[in-house]
Amino acid sequence: MTHELETFFQPKIIAVVGASKDTRKIGHEALKNILISDYECEIFPINPKDKEILGLKCYKKVTDVPEKIDLVLISVPAVIVAQILRDCAQKKVKNVIIISSGFSEVGNHDLEAELVSIIKKSNMRVLGPNVMGYKNASIGLDASFAYGNPRKGNVALISQSGALGIGMIYLANNEFMGVSKIIGVGNKIDIDDDDLIDYFAQDTETKVVGLYIEAVKDGRAFMNSIKNCNKPVLVVKAGRSKAGARATASHTGSMAGSDKIYTAAIKQAGGIRCRDLVELFDMAKALAGQPPAQGNNIGIVTNGGGIGIMLTDACEEAGLNVPKLSPKTYKKIDKIIPDLVRPNNPVDLSADAGFFRYELATSALLEDPNIDGVIVASVHGGYARPEEFIGAILKMIRERKLHKEYKKPIIATWVGGREYEDLVLDLKAAGVPIYPSAWRTARSMLALYLEGKRIKKEKQKKKGNQYYFMDK
Ligand code: COA
């Protein structure tokens, strides 16, 4: 069955109210973005003053447009938005995006209540107000006024803050993280996080869902949408502190609520609460490119004792295990490392470790049934060979696809300077999750373990296990 928001994300006929010839105006940018999208649709600018904008025939009102409209973007001052919304209802428009600010976030509750009452009497689905719109990278449609486009990929991003949402596009591009859709939800008077999580749950282009939220309007619906989502849901919830909660109220007009309750609710629903956007992106990259870990036993391969110990501490602190090697794995690794070191977990391959030591030791760990995931680390200490570390990982993941063969995740860590960073970019571009910190690496592995656990519980739930929510 087609999801109700399908025409919202894949509209065939779009109108922009407040479209303008003035290149400084948001209504101009929104129209231009749709026009230059790599997506075929009909576009109607709406402005009572003009006959044509950007080469397109302009109409005075949405009700004058001869076609049925799938999506209307509104970019006019707040005081006239209600009238435009009434026109949309009269025209039986399916979906609306209200870009305009000036509602509850600045204390104009009556203006916002008027919009809610119009929506209730109609069949429209409305995003906003106070939003950037969305970018649907899966099909190449840009229904926002924001500059810049994400790379196409499988992470869906929802942001209550428009500016942050735009920032997330740049962050994603910087990290070579592909995005399916990115959407701002603003004051959430109709389309809410739960609607979008439901949509992304069935969206074949989306593998991971990430949210930045300041407040949730309907806690039960939010939790249910995460519970019912068959994909990992990562949540950054801001407004943790007293002052942060105050800032939330003046940003999107929402109440931040009890932070502890949010933490417990997200966890109980099966989502993962992330400390910040960096952590959300770290985890999203791991979840988008690697299989979930079937257990929490982690093998660590390194060329430096220090980073090995830090990774071990971070793993244990995050709730993962770094078990001793089985005799069989010990023997396999013992054969390939210098006599000066003995295999252990973390496996120290010694500072001069090259391509083969990394590949053979990682393979030995993947083959071990007592290991559920592997972290491969490198420190650029003296005579270390970063090119070979990078080459070994590229071979294992891109060429040999060992993560798929063994159904175990492989992620990486590095410590080094600028000369090393360029090489790390090659890994990021190939979709390999690699992090410059032991803690970030361990947390990303934890996300892969939690995802494995979530999938198992989902299977149990399908079998009718009534204790589904008891131990998470
Ligand atoms: N129907 C269609 N167009 C109309 C109209 C109507 N009933 N009434 C006016 N317009 C036209 C205006 O004439 C203008 O076009 P013009 O440039 O050809 O004169 C255009 O709509 C825009 O109206 P204008 O009064 O110039 O507003 P603006 O573009 O300066 O500002 C907003 C409008 C929505 C951008 C502004 O009010 C706002 O909310 N800005 C913040 C947006 C934001 O940050 N959102 C959140 C992002 S995360």
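Both ligands and their constituent atoms are indexed starting at 1 by order of listing. This structure is a prediction, so every number in the text was calculated from the model and none was measured.
Closest non-hydrogen pair, Glu279 versus Cys274, comes out as OE2-CA, 3.3 Å.
The residues Arg86 and Glu114 are annotated as salt-bridged, a charged nitrogen and a carboxylate oxygen being separated by less than 4.0 angstrom. Between Asp192 and Lys217, no side-chain nitrogen of the basic residue sits less than 4.0 Å from a carboxylate oxygen of the acidic one, so the salt-bridge criterion is not met. Classification of Lys461 and Glu458 as a salt-bridged pair fails, no side-chain N sitting under 4.0 Å from a carboxylate O.
Of the possible polar contacts, one joining the Lys231 side chain to the Asp203 backbone as a donor-acceptor pair under 3.5 Å is found.
Contact residues of ligand 1 (protein heavy atom closer than 4.0 angstrom to a ligand atom; sorted by chain and number): Val17, Gly18, Ser20, Lys25, Ile26, Ile46, Asn47, Pro48, Lys49, Asp50, Ser75, Val76, Pro77, Ile80, Ile84, Ile99, Ser100, Ser101, Asn130, Val131, Met132, Phe145, Gly162.
The aromatic rings of Tyr59 and Phe44 sit perpendicular to each other, their planes meeting at more than 60°, with 30° as the lower class boundary.
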